[in-house]
Number of protein chains: 2
Amino acid sequence: MELPPLIQSFVLHFGEMGSRWGINRTVGQIYAMLFVADRPLNADDLVEKLGMSRSNVSMGLKELESWRLVRLSHLPGDRREYFSAPEDVWQIFMTLADERLRREVEPTLTTLRDAILATPISAEEQHAQARMRQMHDLIDLLTTWFADVRKLSPATLQQLLKMGGAVVRLLEIKDKVVGRKA
Amino acid sequence: MELPPLIQSFVLHFGEMGSRWGINRTVGQIYAMLFVADRPLNADDLVEKLGMSRSNVSMGLKELESWRLVRLSHLPGDRREYFSAPEDVWQIFMTLADERLRREVEPTLTTLRDAILATPISAEEQHAQARMRQMHDLIDLLTTWFADVRKLSPATLQQLLKMGGAVVRLLEIKDKVVGRKA
DNA sequence: CTGGCATTTCAGAAACTTCTGAAATCTGGC
DNA sequence: GCCAGATTTCAGAAGTTTCTGAAATGCCAG
């Protein structure tokens, strides 16, 4: 790997982070490289820059495609495929969140719902079911919230996030105006 | 493993999910078991319920302790340690989020900040640095927001989440009243 | 201080994942 | 339809993680 030190440390860091998640080290490195690159890269560019085998790069790119995290493009007069990360970091974040929800959260919600619908035989099962309901309700609340704010424009969302906990004051004011108890 | 089917499928599901994250399968199973159990369990209970070796349970419990996800207790006249998951699912969620931030997000922010402070030599590095700044700002916004709403009581937070994107309407109203443009 | 139970550590075995080079397949231009 | 270059697949090697039983350690009660 012959990269500018600044890029190298970023790439290596994402390799490590990737392997801490389910994603493997080389996939992390490939994405980090595409993310900082100032132009789309082809598979051979990645082989050269990251010093891994051609086939490894191929598999890594397929994995990233399955996450919908890369854009494909072509250069005129060049048959090779060129890969890049989306320009907009918000878009990357949202895609990542969507995929993780789909792969990790939704199956869990399904398992929980199935369990909640079953008829408990023992007191032990009854308690387990109550616990699963608590977990279900929490996850459901969080995902519903996310699906909802996900529709907002990045600008609006950003404004909202910047406010942080201060939105609560607005709620209090509203409740006062409407005449409910805070 | 001799568990009621309802509990068994939950435990197995969390085993699989665990291994999809960095957490390993047995750690996931142990936590799922503790979560649904109607009383604190000791290591031997877990060995029996989950059918894994004593030493494996011991390591799994240590791992969970390092995540601050288990409570320890004792029974009168029994020297063994008993483990349980906190009652409150919000608390579990917050602990999980805190630990993941500490282990995964903070090191990344540090790497990004260091890279942003360096002096870029080439145009390539300059572009990479700009990209890293975008990523940094996004992560920073999200974590700052989280740290802020994290302080709210679960009840307030719940109210806020239930509103979802509707809080934006409040913002618009406020902006109108204050006399700014929406 | 000691005996006995509880827990942790550890080294190696088993299982799993990642990585590679070589072969197979695909694809567009002639 | 064939060639050349591009990409994917694959089987096995290398590397990593997980899991275990056995031994070591810790710790309380008497």
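Numbers restart at 1 for each chain; the letters A, B, ... are given by sequence-line order, proteins then strands. Worth knowing before you read on, the calculation uses all heavy atoms, side chains too, and leaves out hydrogens, waters and symmetry mates.
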Side-chain donor-acceptor pairs of residues 150-158 of chain A under 3.5 Å, sequence neighbours excluded:
unit_1	atom_1	unit_2	atom_2	d
A/R150	NE	A/D98	OD1	2.9
A/R150	NE	A/D98	OD2	3.1
A/R150	NH2	A/D98	OD2	2.8
A/K151	NZ	A/D148	OD1	3.4
A/S153	OG	A/T156	N	3.1
A/S153	OG	A/T156	OG1	2.7
A/Q158	OE1	A/W90	NE1	3.4

Open item on the list: Rounding to an integer number of Å, can you tell me how far B/R80 CZ sits from C/dT7 C1'?
Closed with: 12 Å
Donor-acceptor contacts, no H, no angles, side chain residues 114-125 of chain B, under 3.5 Å, sequence neighbours left out:
unit_1	atom_1	unit_2	atom_2	d
B/S122	OG	B/E125	N	3.2
B/E125	OE1	B/I121	N	2.8

- [ ] Output every pair passing salt bridge (Lys or Arg N to Asp or Glu O under 4.0 Å) with a member in residues 17-43 of chain A, not counting sequence neighbours, ordered by first then second residue.
- [x] A/R39-A/D45
Open item on the list: Rounded to whole Å, how long is the line connecting atom CD of A/E16 with atom C1' of D/dT16?
Closed with: 13 Å
Task: Below 4.0 Å: OP1/OP2 of D/dT20 and any side-chain N or O of B/R54 - done: no
- [ ] Using a cut-off of strictly less than 4.0 Å between a heavy atom of the residue and any atom of DNA chain D, enumerate the qualifying residues of residues 38-45 of chain A by number.
- [x] none
Open item on the list: Please report the distance, rounded to the nearest Å, between CZ in A/R20 and C1' in D/dT16.
Closed with: 16 Å
Short heteroatom pairs, N/O only, protein and nucleotides 25-30 of chain D, under 3.5 Å:
unit_1	atom_1	unit_2	atom_2	d
D/dG26	N2	B/R79	NH2	3.4

Task: Protein-nucleotide distance (A/D78, atom CG; C/dG29, atom P), rounded to Å - done: 12 Å
Open item on the list: Suppose we screen for side chain to side chain donor-acceptor pair (under 3.5 Å). Which residues come up paired with A/Q134, at least two apart in sequence or across chains?
Closed with: A/R131
TODO: Can you sort out which residues in residues 58-74 of chain A have a heavy atom within less than 4.0 Å of DNA chain D? Ascending by number, please.
DONE: A/S58, A/K62
Open item on the list: So if I take the C1' atoms of five pairs at each end of the helix from C/dC1-D/dG30 to C/dC30-D/dG1 and get each local axis, what angle do the two axes make, rounded to 10 degrees?
Closed with: 30°
TODO: Please list all pairs passing the salt bridge (Lys or Arg N to Asp or Glu O under 4.0 Å) test where one or both residues lie in residues 54-68 of chain B, with sequence neighbours left out.
DONE: B/R68-B/E99
Open item on the list: According to ring pair (Phe, Tyr, Trp, His ring centres under 6.0 Å), who are the partners of A/F14, at least two apart in sequence or on a separate chain?
Closed with: A/F10
TODO: Please state whether the base of C/dG21 and the side chain of A/S55 form at least one donor-acceptor pair under 3.5 Å?
DONE: yes
Task: ring pair (Phe, Tyr, Trp, His ring centres under 6.0 Å): pairs with one or both residues in residues 131-150 of chain B, sequence neighbours excluded - done: A/W145-B/W145
Nucleotides 14-18 of chain C: which of its N/O atoms have a protein N/O under 3.5 Å away?
none

- [ ] Measure the CD1-CD distance between A/I23 and A/Q29 for me, rounded to the nearest 0.5 Å.
- [x] 12.5 Å
Open item on the list: Testing the 3.5 Å rule here: is there a donor-acceptor pair between the side chains of A/R103 and A/S66?
Closed with: yes
Open item on the list: I need the CG-P distance between A/L75 and C/dG28, as an integer number of Å.
Closed with: 16 Å
TODO: Round to the nearest Å and state the distance from A/E81 atom CD to C/dT25 atom C1'.
DONE: 14 Å
